[in-house]
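Below is one structure, written out as C-alpha cells, with a few remarks after it.
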Amino acid sequence: MKAPTYLRVDATFKPDGTIVPTMIYWTDGTPYIIDKVLDVRPGVSLKHGGAGMRYLCRIQGHERALFLSNNKWFVEEKD
C-alpha cells in the first residue's frame, strides 16, 4: 500500500461543526476549486490505508475521494 500524500486544503467550518472543503492545493502548489461536495461519511482508503471522514468531491468535473484523517487531508490517487 502506498502512503498517502498529504495536501493543503481550504475549508469552511459551519456553526454546527460541519467541515466543508472548498479548495485543494496539489503538491506543486496548484490550486483546484472543489466544485461540489457530493457525499460525506466515515470511510477507509483502500489504496492508502488511511481512515477518517471521506468527502466525495467534484473537482473540475471529476469525482475524487478526499479524506480527512488525523487532522490531515489526502486525495485517493488514481492508479
Side-chain angles (χ1 to χ4, degrees):
M1 225 177 274
K2 182 181 174 191
T5 301
Y6 295 104
L7 303 171
R8 175 182 160 197
V9 173
D10 290 345
T12 299
F13 293 76
K14 294 188 174 184
D16 66 359
T18 305
I19 302 170
V20 181
T22 56
M23 183 172 300
I24 65 169
Y25 297 84
W26 205 244
T27 55
D28 65 359
T30 304
Y32 294 95
I33 294 172
I34 296 172
D35 302 318
K36 185 173 185 177
V37 176
L38 304 169
D39 185 52
V40 180
R41 66 179 68 192
V44 175
S45 171
L46 300 177
K47 295 182 182 185
H48 302 295
M53 290 305 294
R54 176 184 177 270
Y55 295 78
L56 182 61
C57 300
R58 184 175 301 126
I59 303 168
Q60 293 188 337
H62 298 92
E63 289 185 13
R64 299 298 291 268
L66 175 65
F67 289 86
L68 176 59
S69 176
N70 297 318
N71 294 319
K72 296 185 278 186
W73 295 92
F74 68 92
V75 171
E76 191 167 71
E77 297 177 32
K78 300 273 183 181
D79 290 331

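Numbers here are sequence positions counted from 1.
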Item to complete: Please identify each residue that fulfils side chain to side chain contact (heavy atoms under 4.5 Å, CB included) with N70, with sequence neighbours left out.
Response: none
Worksheet entry | Set of residues satisfying side chain to side chain donor-acceptor pair (under 3.5 Å) with respect to T27, sequence neighbours excluded | none
Worksheet item: For R54, which residues count as a side chain to side chain contact (heavy atoms under 4.5 Å, CB included) partner, sequence neighbours excluded?
Response: D39, L56, A65, F67
Worksheet item: Taking the side chain as C-beta and beyond, is there a heavy-atom pair between T22 and I34 under 4.5 Å?
Response: no
Worksheet entry | Nearest heavy-atom neighbours spanning H62 and Q60 | ND1-O, 3.1 Å
Worksheet item: What pair of heavy atoms forms the shortest contact from A51 to S69, and how long is it?
Response: O-OG, 2.7 Å
Worksheet item: How long is the gap from CZ on R64 to OH on Y32, to the nearest 0.5 Å?
Response: 9.5 Å
Show every donor-acceptor pair shorter than 3.5 Å between a side-chain atom in residues 3-20 and any protein atom, with sequence neighbours excluded, or say none if there are none.
from : atom 1 : to  : atom 2 : distance (Å)
T5   : OG1    : E77 : OE2    : 3.4
D10  : OD2    : Y25 : OH     : 2.8
D16  : OD1    : T18 : N      : 2.9
D16  : OD1    : T18 : OG1    : 2.6
D16  : OD2    : T18 : OG1    : 3.1

Item to complete: Taking side chain to side chain donor-acceptor pair (under 3.5 Å) as the test, write out the residues that go with E76, two or more places apart.
Response: S45
Discussion item. Return the CZ to CG distance between F74 and L66, rounded to the nearest 0.5 Å.
Written reply: 8.5 Å
Discussion item. Is it the case that atom CD1 in I33 sees more than 12 heavy atoms from other parts of the structure closer than 6.0 Å?
Written reply: no
Discussion item. Using the rule that Ile, Leu, Val, Met, Phe, Trp and Tyr join whenever any side-chain heavy atoms are under 4.5 Å apart, tell me whether L68 and W26 fall into a single cluster.
Written reply: yes
Item to complete: For residues 25-38, pull every pair meeting salt bridge (Lys or Arg N to Asp or Glu O under 4.0 Å), keeping only residues two or more places apart or in separate chains.
Response: none
